[in-house]
Amino acid sequence: MSAPREWAGVVEWTRGTVDRWVWRGGEVVPYRREPWAAPVNYGCLPGLPNPADGSDVDAVWLGEALPVGTRLTLPAAGLLHLADGDHKVIFGSLEEHHGGDLLALLAWFGPERGARLLGPGEAGAWLAGLEGQQTAPGA
């Protein structure tokens, strides 16, 4: 059995803070101040666009606060599936953070977004499909 595929991401918004940054041109730059602190570390998978909004795929990292600009390469632990297709890839232990981070993450998105948690298989399949769209002829 082979090891799960790992995905490279960068933190743009540190858990517990209101100052949000964005990945542009190979670096994180200041973006805006949010009215509420992020319940998890939030960022993106640079170079892998989400067809729902054309931006890099959104990612969240469960657990301790990570500084803006932190780069991590990890296997996907799950997928926050949203009705509008702007899904978020989840990294970290789903089991360890089931009662805290995951509940906060689900609550962060209003009921109209239809947030539901999917497992690592669904996350990997979705990401692989996006990657395949990038390399398909005519894409």
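The figures here come from the full heavy-atom set of this structure, side chains too, leaving out hydrogens, waters and symmetry mates.
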For H87, the ring pair (Phe, Tyr, Trp, His ring centres under 6.0 Å) test, sequence neighbours excluded, returns H81, W126
Taking every heavy atom of P49 against every heavy atom of L130, the minimum-distance pair comes out as O-CD1, 4.1 Å
Distance col, row D101:CG vs L105:CG, nearest 0.5 angstrom, shows 8.0 Å
Those residues at least two apart in sequence (or on a different chain) that pass ring pair (Phe, Tyr, Trp, His ring centres under 6.0 Å) with W21 are none
Given side chains that start at C-beta, do those of R116 and F109 come closer than 4.5 Å, heavy atoms only? no
Worksheet item: Does L82 belong to the same Ile/Leu/Val/Met/Phe/Trp/Tyr cluster as I90, with side-chain heavy atoms less than 4.5 Å apart forming each link?
Response: yes
Quiz prompt | E112 atom CD, over 12 foreign heavy atoms within 6.0 Å | solution = yes
Using modelled atom types and a 3.5 Å cut-off, is there a donor and acceptor pairing between side-chain atoms of N41 and backbone atoms of L66? yes
Rounding to 0.5 Å, atoms CZ (R113) and CG (L80) come to a distance of 8.5 Å
query: Does any non-hydrogen side-chain atom of L45 lie less than 4.5 Å from one of D56?
result: no
* Asked: Going through the distances and angles, do R32 and D19 end up as a salt bridge (Lys or Arg N to Asp or Glu O under 4.0 Å)?
  -> CA-CA 6 Å; R32 66 182 179 209; D19 293 322; over 6 Å; no
**Q.** Stepwise side chain to side chain contact (heavy atoms under 4.5 Å, CB included) test for L48 and L127
**A.** CA-CA 9 Å; L48 185 60; L127 288 166; 3.7 Å; yes
Check your understanding: Any chain of hydrophobic side-chain contacts (each under 4.5 Å) joining V68 to V22?
Key -> no
Using the side chain to side chain contact (heavy atoms under 4.5 Å, CB included) rule, take S93 and L62 through it: C-alpha gap first, then chi angles, then the decisive distance, then the call. CA-CA 7 Å; S93 172; L62 307 176; over 6 Å; no
Between W13 and W108, is the gap from one ring center to the other below 6.0 Å? yes
All heavy atoms of A8 vs all of P46, minimum pair found to be O-CD, 3.7 Å
Next on the checklist: Pair V11, W61 - check side chain to side chain contact (heavy atoms under 4.5 Å, CB included), show working.
Outcome noted: CA-CA 8 Å; V11 175; W61 291 268; 3.9 Å; yes
Given side chains that start at C-beta, do those of L117 and L102 come closer than 4.5 Å, heavy atoms only? yes
What one should report as the nearest heavy-atom pair of A77 and G92 is CB-O, 2.9 Å
W23 side chain reached by Y31 side chain, heavy atoms, under 4.5 Å | no
(Q) When you compare the side chain of R15 with that of P39, does any pair of heavy atoms fall below 4.5 Å? (A) no
Between T14 and A65 the two heavy atoms that sit nearest each other are CG2-CB, 3.7 Å
Only residue of D58, V57, L79 satisfying side-chain contact (heavy atoms from CB on, under 4.5 Å) with K88 is D58
query = After noting the C-alpha distance and the side-chain angles of F91 and L72, does the key distance pass the side chain to side chain contact (heavy atoms under 4.5 Å, CB included) rule?
reply = CA-CA 10 Å; F91 296 93; L72 302 121; over 6 Å; no
- Task: Flag yes if more than 12 heavy atoms outside R5 fall under 6.0 Å of its CZ atom; otherwise flag no.
- Result: yes
